[in-house]
Amino acid sequence: MPGKSTGGAEAEIRQVRNIGIVAHIDAGKTTTTERILYYSGTSHRLGSVDDGTTITDFDPDEAKRGITIYSAAITCQWRDTTINIIDTPGHVDFTAEVERSLRVLDGAVMVFSSVEGVEAQSETVWRQADRYAVPRVCFINKLDRIGASFERTFDEVVDRLGGEPLALQIPLGEGPLTESGEGFRAVIDLVERRVLRFDKKQDGSEITVEDIPEDRVEEAERWRRRLLEAIVLLDDDVLETYVETDDVPVADIHRLVRAGTLSAAFQPTVCGSALDCIGVQPLIDAVSEYLPSPLDRPAVVGLPAEAVKLSGKKARRQARKQALDGDESTEVTGIERPCDPAAAFCGLVFKVQADTHGDLCFLRIYSGTLSGGSRVVNARTGDKELINQIWRVQADDREKIETDKAIAGDIVGVIGPKVAVTGDTLCDAGEPVLLEPIEFPETVISMAVEPETSAERKKLAETLARLARQDPTFTARVSEETGQTIISGMGELHLEVIRDRMQRDFGLSVRVHKPRVSYRESVRASAEAVGEFQRTQAGVSQFARVRLSIEPVSDDAPADLESRLDPLALTPALSEALHQGLQDELAGGGSLGYPLMNLKVVLQEVESRDEETTEVALQAAASDAMHRLLTEAGVVLLEPVMALEVVTPDEFLGPIQADLNARHAVIVSSERRGDLAVLNAEAPLAAMFGYSTQARSLSQGRATYSMQPLKYAEAPRDVLESMLG
Ligand code: GDP
Ligand code: MG
């Protein structure tokens, strides 16, 4: 708020929760989010996924498929806490979206279905959350359904995720309500030893507090003891009280649950039925009481923008690591930016979303204060960017609230930046800093697209550029050989969504060709080669000789370039030209024209002659050396391999399995989940085209599956041979 002292601002930041709600598809993330918005007064009606009336799934693609694809940040107010909900997708084709959200949030709500239990996507996300050390609370949902089990799901969080769930509640009854009053009807609050009952007829807004029924007291006490025993370990004084009195004061319970959540000792776990409006308010309470504020998180560390501007991805990663480890041999020191409105401004763009007013950049502010109408710098490109407007997004388009400033810890949408893409840092021009960019996986599938009429060619290019800016896992380029426009992405569904958006959002109809696998190239062996350029023309001689070596590495990363050149061997201008030439050679792909990966090229030596060694000569020699090198080292063709999870009723397991075998899929594991069989497999993407149709027809529509890029592996010999011709 304007005019507040720093002390006031600190109190304000303490009340901010930047959270993501993450779940396997269909576990109830959207429904839970909708309920949170409803109870916090952000939304005035109870949206329903099933009628397509939700706020968070406002992208028509999502409404149509019933899944959430595009994340957006929504702000809501709960008592005196401001909660920014960063929406995360539930479909594994879009894991990069989850990953980017995790980068900018401070805590997460993990929603589990108590029927299906812990599913594949939850595992993936849980591991990602571990990696970013994100504190979590768990919500065990769908307790009203047949086959629901709180305890089984709770145990799976332990067994499958290696989690430390801490039950703060247990359900009163499980499964659908029966006429005799059995089934899931309320939650037992273990902390305060009481029952919370929600009346669905009043949208669950009224909560009635009751005593725990006689026949459940013993069980509740057992769970409560588990809770106390976990938290008293965190505080000697409380432990003493516990030993003496056999109890812990409620205020201490809350304090220690918070402490243990922040230190990732455990994950407080509550339960309910989002659909039936049971247990959502206590979940929001848990978010505001136990999840971290931006001040509880480590200060963000960046690099001086200049030090990293021109170097490659790996060099940046390394420089950052050294800076963070305090390695004295480097000149680059990490810059710590405190979560303080008075510090220099820096923030990370984590999402660019199309909007009627232009592109809306979602920004996590790590330090300083951002004012509407100000100018900031894009640390990646050095461009000045204008902050035209700052918005707090309350729901969809119609409910944005403009604000004149936003402070450290905030998540806001800004309009104005022209250059910024997802992962860019915006900062004060006077004190530039580059935060670690968000990295996205390589694309695995491509498809040629053509406009219906040639008049629309220009529009196609513009549309694709805009789409690529919004979705960094999507790329578009024009093929040099065929002149065709090629779009690439993370899977068939991904490209299908892009195609729909071209049509719907931009009114552009395109003809599409069959999707194709995006191959990569690497080399079979290490090699060394010398390239030379020597020419005399009109009495002017040019000369350069460049020695390179190459070696295969298995790091699943794009080709890397390293220089062992004596810094005095060339003038800075020549050296820069040579490096640029080599970068261009690497970017140009391998012998077959596919992008190079899993290899390292080392610039060993340069032979130059005064006067005769020019930029052109060096680049030509580098190009010559590179061609020799690739021929010498031998080509390896790599193809994307997908991780696949298929969930099917038993009766279709046979045909599903037979079909996977026919596709050369390797079944990694198979297990039971309730009445369903779950197969985990790895399969080359090349064999998985049209799988959605096939899976449907083999199972009368009952099998579901998810698929995501896993790795690149050597393609079958005959594919390579057919390419070599
Ligand atoms: P998401 O894919 O995780 O966003 O899940 P949704 O919120 O879209 O929910 C998937 C389906 O489960 C929808 O049909 C919901 O109505 C339903 N659902 C969500 N929560 C509950 C619940 O607590 N109980 C029951 N019975 N159904 C639920
Ligand atoms: Mg959803």
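For the single chain, residues carry numbers from 1 onward in sequence order. As the structure is a computational prediction, the values presented were derived from the model and not from experiment. Remember, it's 1-based here, ligands and their atoms both numbered in the order they're listed.
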Polar side-chain atom of R224 near backbone of V191 as donor-acceptor pair, under 3.5 Å:
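Confirmed, R224 side chain pairs with V191 backbone.
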Just by distance, do the side chain of T269 and the backbone of Q267 share a donor-acceptor pair under 3.5 Å?
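Yes, the answer is positive, given that a donor and an acceptor are paired below the 3.5 Å cut-off.
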Rounded to the nearest 0.5 Å, what separation is found between the CD atom of Q353 and the SG atom of C361?
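Answer rounded to 0.5 Å: 10.5 Å.
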Criterion side chain to side chain contact (heavy atoms under 4.5 Å, CB included) against R35, the qualifying member of T31, T33, T32:
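So, applying the side chain to side chain contact (heavy atoms under 4.5 Å, CB included) to R35 and each of T31, T33, T32, only T31 qualifies.
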With heavy atoms of [X] as the reference, note each atom of ligand 1 found under 4.0 Å away.
X   : answer
T31 : 6 (P), 7 (O), 9 (O), 15 (C), 19 (C)
K29 : 1 (P), 3 (O), 4 (O), 5 (O), 7 (O)
H24 : 3 (O)

Looking only at distances, can you tell me whether any N or O atom of [X], backbone or side chain, sits closer than 3.5 Å to an N or O atom of ligand 1?
X    : answer
D26  : yes
S273 : yes
R145 : no

Look at [atom] and find which of [options] reaches it with the closest heavy atom.
atom                    : options         : answer
atom 27 (N) of ligand 1 : V280, I21, L275 : L275
atom 5 (O) of ligand 1  : A23, C277, G28  : G28
atom 25 (C) of ligand 1 : D144, T30, V111 : D144

R131 to W126 six-membered ring, cation-pi geometry met (6.0 Å, 45°):
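Judged by the rule (NZ or CZ under 6.0 Å from the ring centre, within 45° of its axis), R131 is not positioned above W126.
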Are S40 and Q77 close enough that a side-chain donor and a side-chain acceptor fall under 3.5 Å?
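No.
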Check whether the side chains of H24 and E116 place a donor and an acceptor atom closer than 3.5 Å, and report yes or no.
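Short answer, no.
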